[in-house]
K.L.:
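Quick one: this structure, given as structure tokens, is what I'll be asking you about.
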Amino acid sequence: MPERTRQRNAFDIVRSTTVIVFPVVLVIAGSHILNAHEIPGEGFTAGLLVAMSVLLLYVGVGYAEVEAALPRFTRWLMVAGLSLALVTGMSGLLRGKAFGTHVHGDVTVLGETLSLTSSAFFDLAIFLVVTGSVHGLFQALGRGEDRAR
Amino acid sequence: MSGDALGGAWGGTLALGGSAVGEWAARDWALLGVVALPLVVALLLPLASAVGVLSRRSWIPAFVVALIDLVAIVWLRATESNSPAEIRLPWMDALGVELAFRLDGLAFLFALMVSGIGLGIVGFSARYIPHDLEVHRIHRKESTFYACLLFFMGTMLGLVCADDAMTLYLFWEGTSISSFLLIAFDLLRQRTHFAATKAFSITAGAGLGLFVALVALTTSTESTSLSAIRDSPELVREFLDGPFVALVVGGILLAAVAKSAQVPLHVWLPDAMVAPTPVSAYLHSATMVAAGVFLLARFAPVLGPVPEFGFLLALVGAVTLVFGAAVALVQTKLKAILAFSTISQYGYVTLLLGLGAYGAALFVILAHALLKAGLFLCTGLVSHATGRGDVRELGGLWRRLPITAVVTAILALGLAGAPLVSGFWMKEVFYKEVLAANSGRLTTASLAGGILTFTYMVRFWWRIFLSPRCLPQSAHVESERTLTPMLVPVAALALLSLSGGVWPGLFTSLSDAGLESVAPQASGTTIELHWPPDATLLLTIITFALGFLLVAWMAKRDRLLEFSAPPPSERPPPHESEEQRTPARLGAAVLRRAGISTLYDRGIVALDGLSRFVAKVQTGVLLHYVLALAAVPIALGVVLLPQVKAWPMSVERTIAEAEWAFGALAVAAVSLALASTLVRSQIASVLMVGGVGYVLAVAFAILHAPDVAVVQVIVETVFAAFMLLAIGRLRDSIRKEAMGPRGRRSHAARASMVLVATALGAVFTVTTLAVAGSGGDDMLGNAFLDLTDDVGARDVVATILVDFRMLDTFGEITVFAVAALGSGLLLGQRQHRKQSRRKSDDERKGDVEAESSSPDSEDDGDNVESGDRPHA
């Protein structure tokens with residue numbers, strides 16, 4: 001019995017830590033995407049972070065529970081990412097320039113001047129693809145290990 | 001690129017196209033739409049049916065698309081007024097390549113055929129395909145069929161309308177791909193795989209010849225626009241005087257001969273008859289095989305002056321014409337007869353093109369397409385009604401299927417050359433040109449071909465409909481009433497051929513439209529009948545007479561009307577009985593054993609064997625793979641590194657104050673690496689390797705490379721996670737593989753692996769030092785830094801990834817996704833097999849606490865979806 005209680009306590013610590021850390025990681029990943037051009041970190045690292053955070057959820061909360069709560073989106077993430085990348089690239093073609101030429105500009109919204117770029121969409125696409133791929137791999141590898149032998 | 005200059009672009013208006021794109025009128029865009037519409041709908045159909053829309057009636061969108069295209073093409077031609085619809089979009093600016101389409105006369109003729117016949121085929125399939133899928137137990141969706149059919153229609157239209165060399169090639173290979181998809185429609189049968197691969201490898205392989213020819217042509221004329229090349233005599237002269245003539249002639253001939261199934265590259269067409277009948281009617285008789293002769297016609301203005309071009313074409317055409325007709329005579333399967341007939345009829349066209357009679361060739365193409373498509377559809381009708389496709393099992397169907405008999409008679413006898421049908425004028429026009437060529441040999445060959453054509457077509461029709469009953473009385477024949485919706489398109493084709501026979505001007509106006517793009521100075525084709533008979537008509541009469549005699553002779557000797565025919569089997573009989581040894585049968589037997597088809601088949605088997613032999617390198621033992629991976633760099637390093645001259649003798653001390661930090665980091669990294677080899681637990685080992693990565697990240701951070709440091713940390717964590725998961729999964733099997741019988745790796749083995757790892761590390765370290773000492777150029781790096789400032793960003797790495805090298809990154813994420821999908825599939829398979837093995841193990845032990853049984857663990861490797869496994 002003591003063995004089980006010790007394991008249970010350890011598990012509870014991991015679980016509560018995970019639940020707190022998970023949203024923080026998501027926010028950091030979001031900041032990587034939005035600030036890709038300013039600070040270290042871009043769509044690629046954001047994708048890895050999100051995939052890792054889901055893995056953390058698997059460890060902390062349990063594979064079955066997480067799978068039950070999350071929708072089955074892995075493949076669609078990759079598809080969405082690749083399509084978005086394609087569309088962003090085509091927008092360059094439609095403007096008569098080479099494939100993948102991005103638009104940079106300043107937009108004044110509500111008195112604030114924002115410096116926007118369409119490459120954020122491409123970053124988002126990279127993010128989607130990387131999240132989908134890495135998460136899919138984690139799923140494929142980690143499936144069935146919930147019942148440790 | 002600067003933010004100021006493009007600030008206006010964000011004002012809400014997307015400037016749709018620069019000057020290059022904006023100068024085309026609506027009708028030019030309509031031409032693009034004609035090509036794009038079938039392709040787009042082909043993409044949407046499977047999506048729609050996945051969502052559940054239109055899965056039963058998926059022929060309707062296909063029909064509508066074909067109708068729209070047909071109407072659009074006719075309208076575009078009618079509203080031409082001096083300039084054909086043309087659109088050119090920039091594609092590869094640096095090479096001057098465009099995505100260009102132009103609806104000139106030749107394009108119009110072929111596009112009309114493609115969309116018109118396509119319309120009929122879709123109408124026929126609406127009723128035919130559901131029944132066909134059921135009878136042959138093909139588990140594919142109807143919507144997939146129509147999607148593939150539309151894909152073909154789109155690529156074929158793109159091919160005939162293409163006005164740029166690379167556009168032409170793109171759509172040429174597109175037709176090969178769509179033919180592959182349609183032939184292999186029945187995915188589960190080995191035969192269809194084989195046939196589809198054969199067809200594809202021959203036509204697409206020969207298509208490489210086309211590519212080479214196009215590149216050579218555009219290089220010597222400095223232009224990729226086909227119409228510009230054709231219309232300018234200086235460019236043509238330049239090309240003909242240049243060095244590439246033989247290459248271009250050879251390449252185009254190769255591609256055309258393969259695509260139009262001429263001897264010797266005809267072997268794929270009879271095999272392609274495993275496709276559903278509407279596919280054979282559309283692709284392999286009327287449109288796709290016509291692409292070969294289309295190519296010849298397209299390049300005739302450029303290659304016509306070359307004497308070898310005409311000579312080779314005439315030779316190939318004459319040989320094919322006779323060969324195809326002779327083989328067609330001894331076939332027993334309906335579709336095989338028609339396949340060889342197609343081969344032979346395109347021999348007619350090739351011969352005419354070789355003689356320079358372009359107008360006649362186009363006329364024959366048009367007339368033949370209608371007749372042959374109709375005949376294939378008749379075969380479909382007969383097989384739908386009786387379930388049989390072999391002449392030896394059919395007979396006397398005129399009573400049960402009278403209208404079908406009449407329609408087939410019109411088409412079959414028309415192809416044989418009977419008057420009042422377009423086929424008669426086909427033969428007339430052909431003989432006229434052959435006689436004009438004044439060659440005794442050609443005339444004899446043509447006459448022989450004509451007689452054989454007559455004979456096999458009469459045999460075709462006779463054996464199905466008129467011969468004394470070979471069908472047992474009780475055989476089920478569907479009533480003709482149920483066939484009516486399918487009869488309509490066939491009857492339409494027959495009617496068109498009849499009207500072409502009664503009023504040949506209908507066809508000549510179309511073929512002359514095509515002629516003006518091929519040979520603008522040539523006069524139109526005149527069709528007239530001279531009485532008393534001139535040489536042409538005389539030849540036709542002789543053909544009929546001798547044909548009748550041949551039919552009568554064969555009938556007498558019981559070749560045609562085998563009263564008591566043995567039931568057919570899948571393979572031809574190995575030994576032929578004495579009385580059936582006709583020269584034709586003997587020839588067929590020889591071909592079967594030593595012909596080109598056998599060469600191809602044997603070649604494929606040999607290739608298989610070779611690949612299996614080479615695959616012996618894959619031992620399946622993880623350790624061998626790792627050692628092989630390590631061996632190559634080590635070997636290369638040992639061989640190449642001693643040749644490096646410039647080693648960095650002194651290291652620039654840029655970060656003097658951090659020397660002690662680097663020292664500490666180096667010590668930490670080395671000790672972690674060593675410890676990872678000494679530790680017993682695999683998990684600890686992995687964590688230590690991860691630790692080395694983190695140490696490196698710190699080093700990057702000190703070296704003012706924060707982006708690399710961040711990525712290093714994240715990637716190292718991901719990698720460690722992967723390794724831990726993998727260890728968890730492969731725990732048992734790795735243990736058994738890597739550890740000896742005593743459950744622990746022997747010291748010798750361990751020491752040798754450490755040695756290999758150290759050698760690998762040493763090679764890479766020395767290589768890095770050698771690269772550092774080679775004195776690189778800072779130009780690119782500084783350029784990137786400057787450009788990043790211009791863009792207004794601060795992170796060079798991210799900007800390079802997303803802006804400057806965007807296309808690279810796009811390729812990388814595609815590879816990423818594919819690798820993840822592939823690995824996921826493979827891992828899913830392994831998991832599945834493990835589960836089933838575990839299940840049988842537990843059952844044998846009689847363990848009550850075995851895992852919950854998954855119901856489909858028996859089908860090994862069947863379930864490759866990355867689906868969830870049920871947990872108890």
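Order of the sequence lines sets the chain letters (A, B, ...), proteins ahead of strands, with each chain counted from 1. In this text the structure is predicted, and so the values were computed from the model without any measurement.
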K.L.:
The test is side chain to side chain contact (heavy atoms under 4.5 Å, CB included); show your working for F722(B) and V134(A) and say whether it passes.
P.N.:
CA-CA 9 Å; F722(B) 267 130; V134(A) 179; 4.3 Å; yes
K.L.:
Can you find a pair of side-chain heavy atoms, one from V718(B) and one from L55(A), that are under 4.5 Å apart?
P.N.:
no
K.L.:
For R794(B), give me all partners under salt bridge (Lys or Arg N to Asp or Glu O under 4.0 Å), at least two apart in sequence or on another chain.
P.N.:
none
K.L.:
Calculate, to the nearest 0.5 Å, the distance between atoms CD1 and CG belonging to I126(A) and L801(B) respectively.
P.N.:
6.5 Å
K.L.:
Select all residues of residues 28-50 of chain A having any heavy atom within less than 4.5 Å of some heavy atom of chain B, and report them by number, or 'none'.
P.N.:
H32(A), A36(A), H37(A), E38(A), I39(A), P40(A), G41(A), E42(A), F44(A), T45(A), L48(A), L49(A)
K.L.:
Throw together a table of side-chain donor-acceptor distances under 3.5 angstrom for residues 811-820 of chain B, partners on residues two or more places apart or in other chains.
P.N.:
from: T814(B); atom 1: OG1; to: F810(B); atom 2: O; distance (Å): 2.7

K.L.:
Using heavy-atom distances under 4.5 Å, tell me whether T788(B) contacts chain A through its side chain, its backbone, both, or neither.
P.N.:
neither
K.L.:
Between V797(B), L724(B), T809(B), who has the most heavy-atom pairs with chain A when the cutoff is under 4.5 Å?
P.N.:
T809(B)
K.L.:
Looking at S119(A) and V802(B), what are the two nearest heavy atoms and their distance?
P.N.:
CB-CG1, 3.2 Å
K.L.:
Mark yes when over 12 heavy atoms from residues, nucleotides or ligands other than F11(A) sit less than 6.0 Å from its CZ; otherwise mark no.
P.N.:
yes
K.L.:
Please name all residues satisfying side chain to side chain contact (heavy atoms under 4.5 Å, CB included) with M166(B), sequence neighbours left out, ordered by chain then number.
P.N.:
W91(B), V97(B), D164(B), F211(B), L214(B), V215(B)
